[in-house]
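Remarks on the structure that follows.
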Amino acid sequence: MNHWIIAPIVLPALLAPFIIMVLRYHLDLQRIFSVAGTVGLVGIALTLTAQAAGGEIQVYELGNWPAPFGIVLVLDRLSALMVLLTSLLALAVVLYAMGSGWDKRGRHFHPLFQFQLMGVCGAFLTGDAFNLFVFFEVLLIASYGLMIHGGGPVRFKAGVQYVTYNLLGSTLFLFALGTLYSVTGTLNMADLALRVADLPTEDTALLRVGAVLLLLVFCIKAAVLPLHFWLPASYSLAPMPVAALFAIMTKVGAYSILRMYTLAFGPEVTITQGLAGDWLLPAALVTLAIGAVGILGTQHIARMVAFAAIASMGTLLIAVSLFTPQATAAALYYAVHSTLATGLMFLIADLVIERQGGRIDGMTPMPQSGLIAALYFIGAIALAGMPPLSGFVGKLLVMDAARDAGDFTAIWAVILVSSFITIVGLARAGSLIFWQSHDARHNTEPDPENEDKVIHLPPPEPMPGLTFSAVFGLVAGLIGLTLFAGPLMEYTSSMAEQLYTPQHYIDAVLKGGEQ
Amino acid sequence: MMDYAIHFTFACFGAAVMMCLWRIITADGVGTRVLALDTMVINTIALMVLYGLLLGTEIFFEAAMIIAMLGFVSTVAYARFMLRGNIIE
Amino acid sequence: MKLLRRVFPHPHLTILLTIVWVLLANAPSLNSVVFGLILGIVIPFITQPYWPDRPILRNWPMVVEYILVVLWDIVVANFTVARIILFKRDADRQPNWICIPLELRSPEAITVLAGTITMTPGTVSCDLSAKGHNLLVHCLDAPDPDAVRDEIKQRYERRLKEIFE
Amino acid sequence: MSLFLIAALPFLGAIFPGLLIRAGRNVSASAAGLASFLAFTGLMIHAPAVLRGEVVTARFDWLPGLGLNANFMLDGLGFLFATLILGIGMLIVLYARFYLSRHDPMGQFYTYLLLFQGAMVGIVLSDNILLLLVFWELTSLSSFLLIGYWKHLPAGRQGARMALAVTGSGGLAMIAGMLILGHIVGSYDLSVILQNKEAIQASPWYLPALLLILLGCFTKSAQFPFHFWLPHAMAAPTPVSAYLHSATMVKAGIFLMARMWPVLAGTPEWFYIVATTGLVTMVVGAVIALFKDDLKALLAFSTVSHLGLITMLLGFGTKVAAVAAMFHIVNHATFKAALFMSAGIVDHETGTRDIKRLGGLRHLMPVTFGIATIAALSMAGIPPLNGFLSKEMMLEEAFHTTWLDSHVVIPALAVFAALFSAAYSFRYISHVFLGPERQDYPHAPHDPGPGLWLSPAILVLLVVVIGLNSATVAGPVVSASAQSVIGGELPYFKLKLWHGFTPALYMSIVAVLGGLLLLAMHRHLERVWDNLPRPEAKAIFDAIIELLTQISRTITDGLHNGVISRYAAIMIAFTVGIGYYAYATGTTGLPTRVPLEAPIIPIIGWICLVGATLAIMWFHRNRLLSLVLIGVVGLIVSMAFNYLSAPDLALTQISVEVVTMILLLLSLNFMPTQTPVDSTKARKLRDAAISVVAGLGAGGLIYALMVRDFAFPTISGYHLANSYKGGGGTNVVNVILVDFRGFDTFGEIIVLGIAALVIFALAESVLSSNVRAYLLNRKPHWPQSGDAHPLMMVVVTRVMMPIALMVGAYIFFRGHNQPGGGFIAGLVVAIAFLMQYMASGYTWTIERQRFYYHATIGWGVLIAAATGLGAWFNDMPFLTSDFGYLHWPPLEEFEWATAMLFDTGVFLAVLGAVLLALDSLSRFAWQPGIQQEYPMDINPQRDAPPVPGPGPDTIIPVGKET
Amino acid sequence: MVEFWEIVIAFFLIVSGIFGFVGSFGMIKLKDPMSRLHAPTKATTLGVGGVLIASILHSLALEHRLSLHELLITLFLFLTAPVTALFIAKWHIHRHETPESLPDAGEDGKWATHAVQPNEDEPDQTAT
Amino acid sequence: MEALLASAVGVLTAAGIFLILRRRTFPVILGLSLLTYAVNAFLFATGRLALNAPPVLNKYADVPYTDPLPQALVLTAIVISFGMTAVIVMIALGAYLSSKDDRIDMKAHDSVDAAPGEDV
């Protein structure tokens with residue numbers, strides 16, 4: 001019996017209560033265990049990736065109940081990659097959080113962090129629609145805790161909004177699941193796929209409603225316009241390391257769209273035709289545009305990065321919404337890039353905020369800026385999709401994949417114009433924060449009117465070595481992503497191929513049931 | 001015979017529940033509202049036992065019992081809230 | 001004895017709980033009695049810090065008598081009150097407050113008394129005085145408050161005093 | 001040397017200056033110089049082959065899936081540019097070493113410079129247009145850094161951003177163009193593309209691709225109307241201006257046009273777009289340059305003009321013009337870089353670059369004067385300098401070119417531009433170096449050391465040598481590069497000084513004489529110029545960017561205005577709309593189920609439910625009342641579950657209901673009890689409309705679902721069939737929860753545990769902030785009554801709590817077979833403890849508490865997980881359950897199941913979570929002074945024997961006996 | 001025999017129905033809040049009690065098995081209803097009555113609900 | 001019966017959403033609770049309605065059972081939404097206490113650098 005599949009869920013699920021029970025008052029030990037757990041997760045994820053690389057789809061039947069009746073975990077290339085991505089990002093984030101001392105600005109950072117990982121990994125691995133809901137909730141509730149970690153009135157307020165919006169989303173999820181169950185009588189995704197394919201025509205309307213509601217739920221998670229409103233405030237007001245971790249959460253939405261809309265409601269299924277394609281692409285385009293506009297239109301670095309996250313989701317979803325193997329391969333590559341880049345940029349934003357407050361107004365001086373400015377520059381390049389980093393490659397891939405779409409001119413135009421606005425916005429912010437402040441420091445006396453705006457923040461992080469190694473780790477990830485774009489792209493292509501031949505998945509899951 | 005009696009009783013308690021609701025909505029003070037809610041809970045218990053009687057099943061018993069227990073807790077909580085503000089102090 | 005006291009901090013409660021369990025199980029069998037007894041021992045053990053000074057019931061026959069009296073009173077009072085509610089005009093009623101000086105001192109006894117008063121329709125025990133020596137009762141229709149007070153003291157408090165003190 | 005290495009050397013070199021700067025400025029500069037030199041040497045190794053017309057290549061598959069490959073090739077064109085880049089690069093490294101002041105971070109400078117150099121080399125060596133794009137954008141980025149190098153200068157920052165915005169956007173357009181091009185051809189490799197002229201020019205996508213690519217070229221090469229960024233880039237240190245903005249980066253666009261010339265040129269579109277743009281740029285640049293007082297601005301506009309010239313030549317589309325263009329590239333690079341450096345020297349030594357403040361420097365700075373003069377004369381097109389040669393060729397070509405059937409336009413304008421060109425060149429010499437010496441230079445000027453003038457001197461030497469001996473010195477390179485531009489046979493051309501009395505010669509003479517005349521009239525012209533209304537490019541650009549920013553801000557803030565109700569409204573409306581669309585586009589059949597009858601009791605329940613719900617809407621401002629009404633709703637929903645055969649749900653619903661209500665009450669204690677009116681009528685109407693639509697949607701959907709049967713047999717048939725056989729329980733819902741779908745439940749208790757942790761952490765963080773003081777000084781909503789812990793309540797709780805625990809145990813143990821289970825049991829037990837809290841108060845109870853909630857949650861999750869893991873030892877998947885029967889005489893047999901253990905975990909987690917949440921909330925109300933000694937406030941027994949009544953004023957304090 | 005039991009059960013049911021109805025009707029009809037407090041006691045006692053007795057009789061006489069767990073509900077109601085009533089009464093006293101409007105509390109001076117510290121409304125810090 | 005339940009779901013949804021669209025935290029929380037009832041009822045009803053057919057196996061008789069799966073799902077959903085409600089109540093309380101304002105809306109420019117405790 002191969003138990004590796006469940007390890008990414010069980011490991012954090014055991015670690016977190018252990019930390020709560022035994023290490024509640026020992027921050028140092030918590031840190032050690034948390035990091036060890038995350039490293040372990042990376043190891044597990046690597047193992048899983050290696051197991052999945054061959055193309056075999058592994059099924060884990062929880063409780064030893066056969067497939068459509070019990071819950072199954074399914075490991076294919078895509079889920080393995082997403083778990084790996086999660087663990088890598090998590091490692092960087094946890095190191096950063098320790099180094100910057102964020103984890104001691106409130107209680108229970110590490111347990112919540114582990115639970116969050118559990119939720120995310122579970123969402124990537126599960127093969128059951130309702131179980132997906134449960135893991136969504138796990139990751140959401142942990143994210144609520146992490147988001148308000150550290151407290152403060154504005155953060156709480158943002159927290160209320162975040163929770164409210166997501167509760168609406170969860171409600172919608174239940175409506176969708178109920179509808180799907182009510183029509184098909186199953187919850188297992190593979191079984192759902194089979195039944196959808198054979199559905200009598202009289203039931204199509206209801207099934208379509210269920211399918212589209214599900215899509216909307218995932219779109220909320222993926223921050224597609226006009227369902228993205230939860231993101232800017234919550235990401236920008238969350239502690240930045242947490243926001244960096246949240247970079248993977250939007251990907252959960254994108255992942256789920258890909259999963260459901262290739263497996264059960266795939267492009268060749270006639271009765272769900274036009275549900276995703278018709279509006280998802282325009283929505284993704286608008287998402288990208290609004291994200292880009294937001295980058296230029298904000299006055300705080302955290303909010304800017306939040307909009308950059310939206311923009312990158314826009315690009316990603318453009319590729320997703322094309323629903324072709326080539327585009328999906330591009331989307332997956334871009335997903336990896338955008339996760340790392342967004343995470344990196346949030347961490348950099350934290351470095352800036354800790355020192356300068358994060359306002360993009362050119363008034364607040366930024367001390368010791370050399371290295372951070374360089375890092376910002378790298379992050380901005382990645383986010384804006386400028387060469388030589390993976391953002392550029394990803395953008396090219398997406399544009400190239402879009403070429404076969406009917407309205408590729410619109411796609412290209414939006415991508416390019418958004419890139420332009422992004423570049424202008426990031427350059428503006430960077431020069432105001434890092435360069436203008438030189439001016440402010442050297443040449444002008446502090447403006448008495450703005451005196452009160454200068455925030456006296458706690459001294460910089462106690463362990464800069466850790467913070468910077470986390471940041472450098474992500475930078476290295478981006479560079480690696482660029483250098484090994486070829487092999488990686490091959491791998492994502494094989495993933496896409498696996499996704500677009502859902503029969504293998506269905507066979508693997510349901511054949512397990514006959515044994 | 002018994003069926004008629006059961007339905008009569010159903011009607012009585014049904015009417016009682018609705019009167020309680022009416023009281024909850026129209027009362028002038030919170031105290032009366034809580035009282036009406038409490039009464040409503042009690043009527044509901046009766047309804048459930050009746051229904052079990054009608055169907056000849058005991059499956060509703062636990063619910064009735066739990067409601068009897070918990071109705072108390074919530075009423076006390078409301079009252080404490082009105083008296084002291086803090087429910088737990 | 002001391003050990004027994006520690007293991008069975010609350011014999012009355014243990015019995016009560018065992019009965020409750022058997023009632024819950026609703027199928028008298030050896031299993032449920034044994035199980036109920038185990039829980040009936042464990043639970044008082046867990047909750048004993050919340051019930052520090054436990055009363056002792058002295059007069060068991062009186063307990064039975066008291067219960068029967070109260071049940072009878074409840075039935076009678078129900079009819080009385082139903083008549084008042086259904087047929088008496090609101091203006092004709094004479095609601096009244098009554099103060100009942102208490103001779104009981106044990107909190108449990110006072111509680112039983114107050115509970116009894118409330119459960120017999122027509123009277124509701126509303127408050128204790130600041131040191132617990134008087135009970136405030138509200139009557140739905142009491143033209144003669146003193147009579148009500150005397151009846152309560154006579155019918156209930158006397159018996160309770162015998163039971164508890 | 002491999003082309004990879006040549007392209008990589010500058011990048012590798014870029015690492016060192018920054019690292020080595022601690023070792024000193026010389027080391028840093030040497031490292032940079034060495035990198036350039038090595039690359040240059042490597043390049044030169046290939047020189048013979050390239051000059052023979054061979055093409056050196058190096059290939060590496062980077063991202064074959066896309067066609068983005070690290071393919072390099074070195075042909076004549078590439079060689080010409082690479083030589084310029086690396087050669088001038090070395091000179092600039094030298095120059096910069098002495099130019100930069102002590103305070104400038106030199107390591108950074110060289111790093112940026114070499115990054116730029118690498119990017120440029122990459123562009124000219126790329127054999128893959130996507131790779132070229134990569135390097136293309138890299139030049140924009142590195143130039144951004146270089147222009148903004150002096151961070152303290154606002155002009156530098158703005159110039160950098162402007163340059164990035166303009167060239168970056170051009171690059172973006174080019175991406176699209178290149179992708180189209182690659183699509184037409186089917187490959188992104190240049191060598192393949194260059195073979196496919198016919199396919200490209202026949203394609204309907206030719207014009208878009210051409211426009212997009214040219215957009216990139218024009219922005220990069222500062223062609224009108226994108227020329228404005230170049231003068232503002234002059235805020236960069238002079239070495240940068242000399243390098244980027246005269247010799248190399250701005251020529252990237254030219255390079256690309258030359259590169260693409262074989263496939264793109266030769267069509268009318270090409271001619272009219274490129275030649276016209278070049279012509280206009282040439283004229284405009286030249287005119288403006290004459291009136292610039294800033295030395296570098298003058299040179300910048302002259303660069304614009306000359307770039308226009310080259311563009312125009314390429315635009316002509318004739319082979320000779322292409323040769324002339326190549327030749328002028330070389331010449332312009334030499335004299336313009338020298339001019340910039342000399343301007344830098346002047347600036348460096350005198351402290352100003354304002355021509356108005358200069359003059360008469362020829363004696364003070366003789367060396368500089370010499371260098372500048374020769375270079376400027378070359379720029380003016382004075383023989384025998386190299387500038388003359390290429391200008392002649394340009395004029396010659398211009399003379400033969402017709403534009404819209406007119407033979408006059410181009411030659412006339414070309415002469416006009418040349419005339420201005422001569423004029424500003426002369427002005428550069430005369431107004432800076434000639435004329436009387438002045439006394440008011442900011443610094444006392446003198447010639448710098450050789451470190452500064454050596455580089456321009458070398459370039460000037462080249463200017464002269466090429467001019468005198470063009471055929472031998474420049475000839476091979478020009479031919480080789482022209483060969484690779486043109487592709488086929490080279491046309492007949494000769495690089496020499498004297499071509500005879502050609503029209504070009506006359507035009508040249510007119511230009512030079514006219515230039516002198518203009519110089520003489522400069523003062524008057526300037527007055528006219530100053531009074532001329534003309535658009536200020538920077539102001540327009542700034543206004544556009546500012547407008548863009550403002551619009552973005554308006555959109556962003558307007559859209560994300562923090563009003564969650566609007567967000568929610570949008571989401572709901574959108575959802576309903578899309579849902580309806582999905583419904584309307586499908587088909588639905590007739591009802592297949594006979595609806596159940598609705599007797600009187602459900603109808604009453606329905607009335608109560610709807611009435612209570614509407615009342616909540618109506619009275620929602622009265623928060624306590626709404627809570628009471630919510631309680632009614634919960635009660636009825638629970639009843640409905642019971643009625644409709646879901647006893648487990650009913651139990652759960654009602655227990656959750658109570659706990660939720662208590663949580664809400666606890667929090668309401670600290671919040672206002674009334675909601676003020678803050679919605680207008682219209683808003684309410686809008687909200688009502690949205691909610692009604694959503695309600696109709698939800699109700700309609702479930703109705704449509706309920707009247708039809710399942711299309712397939714549901715999977716729950718299996719659950720019913722296997723619940724007892726496989727799961728050992730008769731309560732199928734419970735078996736599903738703890739067995740079939742135990743994993744869901746596992747997640748669910750974790751959710752609950754996390755919720756409690758979050759609440760705890762939040763309470764901690766609130767209580768450790770300054771909110772604590774507020775809480776301590778808070779007044780209650782209304783006066784508090786006396787007797788916080790009434791005697792009756794306490795006594796009843798003493799009996800009720802054990803019974804409630806008993807009920808909890810009962811619910812727990814029967815759960816597997818009858819309605820109940822760990823979850824409900826956990827809630828019931830939690831409520832039992834809650835009763836105790838309410839009865840005797842927080843402090844008193846917590847002192848007697850024997851277990852810790854955190855640990856309870858932890859144990860719960862661990863036990864549940866451990867139960868799951870236990871199956872591993874059986875070599876079964878997580879959560880595989882087992883059950884059996886035990887028989888201990890004289891007891892009857894009873895059942896055990898591992899699922900019970902799992903349920904225990906659920907129980908503990910729920911218990912701990914609920915209590916931790918309630919506990920955390922209760923701590924808000926806790927006051928440090930409250931120390932309760934007694935469980936009840938009034939206890940007559942404590943005072944026994946009764947003392948004669950104390951005075952009527954006796955005060956009973958809360959929770960504390962006097 | 002069965003008919004007899006049915007009649008008995010029906011009797012209890014009808015009695016409970018009537019009292020349940022009257023209990024809630026009282027809440028509508030009675031005007032002052034204190035009097036309303038008396039109404040639910042009927043529902044609690046005879047109202048629910050009658051149904052429970054009917055239920056016990058039903059299982060005993062018609063299904064021939066002993067089912068006494070209904071007694072538990074009675075037990076709970078009898079235990080809890082007085083406390084509920086007490087609290088609501090206290091609320092009323094707290095809000096609508098003054099020490100003067102109530103009968104004299106004898107030697108204790110005040111009724112517990114009114115026996116608050118004079119400075120209770122002040123910031124609670126002083127409560128130490 | 002079906003119509004009753006469907007209309008009840010509709011009314012609960014509508015009322016819940018109406019309250020969610022209010023501008024103070026408390027009504028929003030109430031709205032979320034109502035919406036939770038609605039969705040639970042919805043989910044429950046997807047198993048179709050049945051009277052007196054609880055999914056508790058009867059060893060002695062062959063009786064109909066209603067679909068147990070939606071019930072299990074609703075149970076999970078109830079528990080999860082309880083946790084969520086508890087959290088949002090607490091966060092709302094924290095927001096109110098630390099800003100003395102229970103408006104749910106924020107300003108567009110709100111950012112964390114408003115020092116802790118600063119009134120927004």
Side-chain angles (χ1 to χ4, degrees), chain A residues 1 6 14 17 20-21 61-65 68-71 106-108 115 131 134 137-138 141-142 145 151 161 182 185-186 195 199 201-205 208-209 212 216 226-227 229 232 293-294 296-297 386-388 397 400 412 416 419-420 423-424 427 431 435 438-439 442 485-486 489, chain D residues 62-63 65-66 134 137-138 151-152 157 161 164-165 168-169 172 176 549 552-553 555-556 560 564 567 570-571 574-575 578-579 582-583 586-589 705 710-712 714-715 718 740-744 747 750-751 754 757-758 761 764-765 854-855 858 861-862 865 875-880:
Chain A
M1 192 83 223
I6 199 170
L14 286 175
I20 297 166
M21 287 168 63
E61 291 171 340
L62 286 153
N64 207 23
W65 294 107
F69 311 114
I71 295 171
R107 298 293 296 273
H108 289 329
F115 277 134
N131 198 235
V134 171
E137 298 303 304
V138 171
I141 198 157
Q161 294 204 347
S182 190
T186 192
R195 294 185 180 207
L199 197 74
T201 45
E202 310 91 72
D203 284 317
T204 55
R208 286 171 68 84
V209 175
V212 90
L216 286 168
L227 308 172
F229 288 105
V293 165
L296 184 59
M386 297 278 276
L397 284 170
D400 190 54
W412 283 14
L416 292 174
S419 296
F420 171 67
I423 292 168
V424 172
S431 69
W435 290 355
H438 270 259
D439 201 11
H442 288 305
M489 186 63 199
Chain D
W62 179 12
L63 184 50
L66 178 64
V134 170
E137 293 286 51
L138 256 183
K151 301 177 179 70
H152 53 277
R157 296 193 298 266
R161 268 156 58 187
L164 182 68
S169 60
L172 290 170
T549 312
S552 301
R553 190 162 297 166
I555 293 177
T556 309
H560 312 91
I564 180 88
Y567 302 169
I570 291 173
M571 168 186 164
F574 187 69
T575 305
I578 296 271
Y583 182 80
T587 53
T588 185
L705 290 169
F710 287 100
F712 304 95
T714 70
I715 56 174
Y718 180 90
F740 292 111
R741 302 186 66 86
F743 202 49
D744 276 351
I750 283 180
V751 168
I754 300 172
L757 290 189
V758 170
E764 285 278 305
S765 93
H854 276 100
V861 174
L862 280 185
D875 201 26
M876 285 292 187
F878 192 72
L879 284 178
T880 308

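Residue numbers start from 1 in every chain, and the chains themselves are labelled A, B, ... in the order their sequence lines are given, proteins ahead of strands. Note that the structure is a prediction, hence the values are computed from the model and not measured.
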Item to check | Between D:I555, D:I570, D:I578, the one whose heavy-atom pairs under 4.5 Å with chain A are most numerous | outcome: D:I578
Item to check | Max heavy-atom pair count under 4.5 Å with chain D, selected residue of A:G145, A:A205, A:A427 | outcome: A:A205
Checklist entry - For A:V212, is it the side chain, the backbone, both, or neither that has a heavy atom closer than 4.5 Å to a heavy atom of chain D? => result side chain
Item to check | Residues in ring pair (Phe, Tyr, Trp, His ring centres under 6.0 Å) contact with D:F712, at least two apart in sequence or another chain | outcome: none
Next on the checklist: For chain A, which candidate among D:V758, D:L164, D:L879, D:I564 shows the most heavy-atom pairs at distances under 4.5 Å?
Outcome noted: D:I564
Item to check | Selection from D:G168, D:S765, D:G589 maximising heavy-atom pairs under 4.5 Å formed with chain A | outcome: D:G589
Checklist outcome for this item: Comparing D:T575, D:L172, D:I750 against chain A, the one with the most heavy-atom pairs below 4.5 Å turns out to be D:L172
Item to check | Residue D:E137 versus chain A: region with a heavy atom under 4.5 Å | outcome: both
Checklist outcome for this item: chain D shares the most heavy-atom pairs under 4.5 Å, among A:L227, A:I423, A:V424, with A:L227
Checklist entry - Which distance, rounded to the nearest 0.5 Å, do you find between the CD1 of D:I715 and the OG1 of A:T186? => result 4.0 Å
Checklist outcome for this item: Heaviest contributor of heavy-atom pairs below 4.5 Å to chain D, chosen from A:G106, A:P17, A:P387, is A:P387
Next on the checklist: If I measure from the heavy atoms of chain A, does D:L138 come under 4.5 Å with its side chain, its backbone, both, or neither?
Outcome noted: both
Checklist entry - With chain D, which of A:L296, A:L199, A:I20 has the greatest number of heavy-atom pairs at distances under 4.5 Å? => result A:L296
Checklist outcome for this item: With chain A, the option among D:D744, D:V751, D:T714, D:V134 that has the most non-hydrogen atom pairs under 4.5 Å is D:D744
Next on the checklist: Using the side-chain hydrogen bond (donor to acceptor under 3.5 Å, both in side chains) criterion, which residues pair with D:W62? Sequence neighbours excluded.
Outcome noted: none
Checklist entry - Say you draw a straight line from CZ of D:F710 to CZ of A:R195; how long is it, rounded to the nearest 0.5 Å? => result 9.5 Å
Item to check | Greatest number of heavy atom pairs closer than 4.5 Å to chain D - which of A:G70, A:S182, A:P388, A:S419 | outcome: A:S182
Next on the checklist: Can you tell me which of D:A582, D:A761, D:A165 forms the most heavy-atom pairs within a distance under 4.5 Å of chain A?
Outcome noted: D:A582
Next on the checklist: Angle between ring planes, D:Y718 versus A:F69, binned at 30° and 60°: parallel, tilted or perpendicular?
Outcome noted: parallel
